Structures are given as C-alpha cells and as structure tokens.
Amino acid sequence: MPESAVILDATAIQRALTRIAHEIAERNEVSADVVLVGIPVGGDHLAARLAKILSGIWNHTVPVGVLDVNMHRDDLDQRAAPTIHPTVIPFDVTGKTVVLVDDVLFSGRTTRAAMDALNDFGRPRKIQLAVLMDRGHRELPIKADFVGKNVPTSLEEKISLRLTEAGVANDEALLLKP
C-alpha cells in the first residue's frame with residue numbers, strides 16, 4: 001500500500017474554494033455571463049460547490065454543468081476502457097464565459113479534451129480554468145486561471161481527492177507516494 005500524506009483537509013479545501021470563487025467574481029464583471037462546467041470525477045462536485053459560493057457573492061444562481069471528456073482524450077488508445085460519465089449541460093454555452101472546473105491539473109491533456117468536448121455544445125466567448133490543485137508536469141501549454149494550491153510532485157506520486165459527495169466521511173486531498 002502506498003504511503004500517503006494529507007495535503008488539504010476539509011477546512012483547507014473550503015478555504016481554497018472560497019478564494020477561487022472570489023477570484024472568479026473579481027475577474028468576471030458580468031456575472032450573468034459566467035457558467036461553471038465540472039469535469040468528473042471531482043471537478044463536477046467542486047463546480048457545484050463553487051456555484052453555491054458564487055451565488056452568495058453575486059446574489060443570483062450560477063448555472064452548473066458536467067462534461068465528460070473521456071471520448072475526447074488523445075490517449076484513448078493507451079487506456080483501458082474509459083468510464084463514461086453523463087454529460088449534463090442544461091444551458092447554452094455560446095457567448096458565455098465558461099469556467100472549466102477540475103480537481104487536479106497535471107499534464108493538461110484532460111483540459112485540452114474538455115475544450116474539445118465543449119465545442120460540441122456551442123462557442124463560448126471565453127474559457128477559464130479553475131483547479132483545486134496544480135501538480136505541475138505539463139505536457140501541453142495549458143495554465144489554470146484559478147488555482148487553490150500548487151503541489152509540486154514527482155511523476156511517480158499521485159494526488160487523490162476524496163469528497164463527501166463520493167461517500168467519504170470528510171473531505172481531504174492526499175498525496176500518494178509509491
């Protein structure tokens with residue numbers, strides 16, 4: 001079993017999401033044009049949490065969607081059969097500022113796939129990226145607009161985000177060492 005260390009506890013996750021929400025609000029003056037789209041597994045739950053915080057800041061509901069990117073990945077032939085999650089985007093993204101939300105930014109390939117998949121739903125005016133954790137090791141020229149925590153890792157290490165929405169008792173992010 002790999003050795004693990006808690007890098008974010010429930011309080012730190014909430015604090016990071018609150019900060020990210022305030023940064024999104026500061027950078028986007030027309031709040032009615034902002035929609036959030038989470039990438040499963042993890043980013044979808046974080047997007048819902050961010051929408052709740054932003055709704056409190058802006059005093060109106062912030063639309064939230066979920067976008068499965070597995071069939072748009074460029075490494076599909078190198079993976080076992082992907083787990084497909086439902087895509088639910090109950091709004092038009094055309095002309096909107098879409099904030100893609102993911103749990104961990106690593107190589108950048110998931111984000112690239114998300115941008116490709118998003119094109120199936122319209123043409124956003126702008127796409128921004130919010131991630132809870134950025135672990136580095138980019139393979140593509142992708143950078144997050146909003147980052148909760150930078151976590152330098154080795155290529156062999158992994159990050160696991162465990163959220164109460166997935167049935168665990170307490171939110172936490174773990175660094176898994178080989």
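Since the structure is predicted, the reported quantities are computational estimates derived from the model, not experimental observations. Any value given below was found using the heavy atoms of this structure, including those in side chains, with hydrogens, waters and symmetry copies removed.
Nearest heavy-atom pair, A16 versus G148, reported as atom, atom and distance to 0.1 Å: CB-CA, 3.9 Å. Of all the heavy atoms in P63 and F91, the pair that sits closest is CB-CD2, 3.6 Å. Nearest heavy atom pair, residue I39 against residue A114, reads CD1-CB, 3.6 Å. Looking at every heavy atom in both residues, V64 comes nearest to A51 through CG2-CB, 3.1 Å. L176 and S4 make their closest contact through CD2-CB, 3.5 Å (heavy atoms, listed as atom of the first residue, atom of the second, distance).
In terms of the salt bridge (charged side-chain N to carboxylate O under 4.0 Å, His left out) criterion, residue partners of D116 (sequence neighbours excluded) are, by chain and number, R112. In terms of the salt bridge (charged side-chain N to carboxylate O under 4.0 Å, His left out) criterion, residue partners of R27 (sequence neighbours excluded) are, by chain and number, D145. Checked against side chain to side chain donor-acceptor pair (under 3.5 Å), E23 has no partners two or more places apart in sequence or in another chain. Remark: S31 pairs with H60 by the side chain to side chain donor-acceptor pair (under 3.5 Å) rule, at least two apart or across chains.
Separating the CG atom in L132 from the CG atom in L50 is a distance of 9.0 Å, to the nearest 0.5 Å. For the atom pair CG of L36 and CG of D44, the computed distance is 12.0 Å after rounding to the nearest 0.5 Å. Between the CG atom of L174 and the CD1 atom of I159 there is a distance of 10.0 Å, given to the nearest 0.5 Å. Here the CE-CG distance, from M133 to D103, works out to 6.0 Å after rounding to the nearest 0.5 Å. Annotation: the span from E172 atom CD to S160 atom OG amounts to 8.0 Å, rounded to 0.5 Å. Here NZ of K149 is found 11.5 Å from CD1 of I13. Values are rounded to the nearest 0.5 Å.
When side chains are defined from C-beta on, I84 counts as touching M71, because their heavy atoms get closer than 4.5 Å. Residues V98 and L118 are in side-chain contact: their nearest non-hydrogen atoms beyond the backbone lie under 4.5 Å apart. Using a 4.5 Å heavy-atom threshold, the side chains of H85 and N70 count as touching.
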side-chain contact (heavy atoms from CB on, under 4.5 Å) between V37 and V101, worked out: CA-CA 6 Å; V37 176; V101 182; over 6 Å; no
Evaluation steps, side-chain contact (heavy atoms from CB on, under 4.5 Å), between L175 and R135: CA-CA 10 Å; L175 177 64; R135 61 176 286 203; over 6 Å; no
Stepwise side-chain contact (heavy atoms from CB on, under 4.5 Å) check, W58 with I53: CA-CA 9 Å; W58 284 331; I53 298 166; over 6 Å; no
Audit row: I142, M115, side-chain contact (heavy atoms from CB on, under 4.5 Å) steps and yes/no: CA-CA 11 Å; I142 290 175; M115 289 188 290; 4.2 Å; yes
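Under a 3.5 Å cut-off, the side chain of T164 and the backbone N or O of N170 do not form any donor-acceptor pair. Counting only distance, with no hydrogens or angles, the side chain of E157 and the backbone of S154 share a donor-acceptor pair below 3.5 Å. Looking at R109, its side chain never comes within 3.5 Å of a backbone N or O of A113 through a donor-acceptor pair.
For H72 and D120, the side-chain atoms include at least one donor-acceptor pair closer than 3.5 Å.
R49 has a carboxylate O that lies under 4.0 Å from a charged side-chain N of D171, or vice versa, which qualifies the two as a salt bridge.
Sorted by first then second residue, the ring pair (Phe, Tyr, Trp, His ring centres under 6.0 Å) pairs that include residues 100-147, not counting sequence neighbours, are F106-H137.
Both L54 and L17 are part of a single hydrophobic cluster, where members link through side-chain heavy atoms under 4.5 Å apart. Each of V88 and L100 belongs to its own hydrophobic cluster when Ile, Leu, Val, Met, Phe, Trp and Tyr are linked at side-chain heavy-atom distances under 4.5 angstrom. By the criterion of side-chain heavy atoms lying less than 4.5 angstrom apart, applied directly or through intervening Ile, Leu, Val, Met, Phe, Trp or Tyr residues, V6 is not grouped with V168; the two fall into different hydrophobic clusters. Transitive grouping of hydrophobic side chains (ILVMFWY, heavy atoms separated by less than 4.5 Å) keeps L161 and V147 in distinct clusters. In this structure, L46 is not a member of the same hydrophobic cluster as V66, with clusters built from ILVMFWY side-chain heavy atoms closer than 4.5 Å.
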Tabulate below the donor-acceptor pairs under 3.5 Å that side-chain atoms of residues 122-130 make, not counting sequence neighbours, or state none.
| unit_1 | atom_1 | unit_2 | atom_2 | d |
| --- | --- | --- | --- | --- |
| R125 | NH2 | T97 | OG1 | 3.0 |
| Q128 | OE1 | N28 | ND2 | 3.0 |
| Q128 | NE2 | N28 | OD1 | 3.3 |

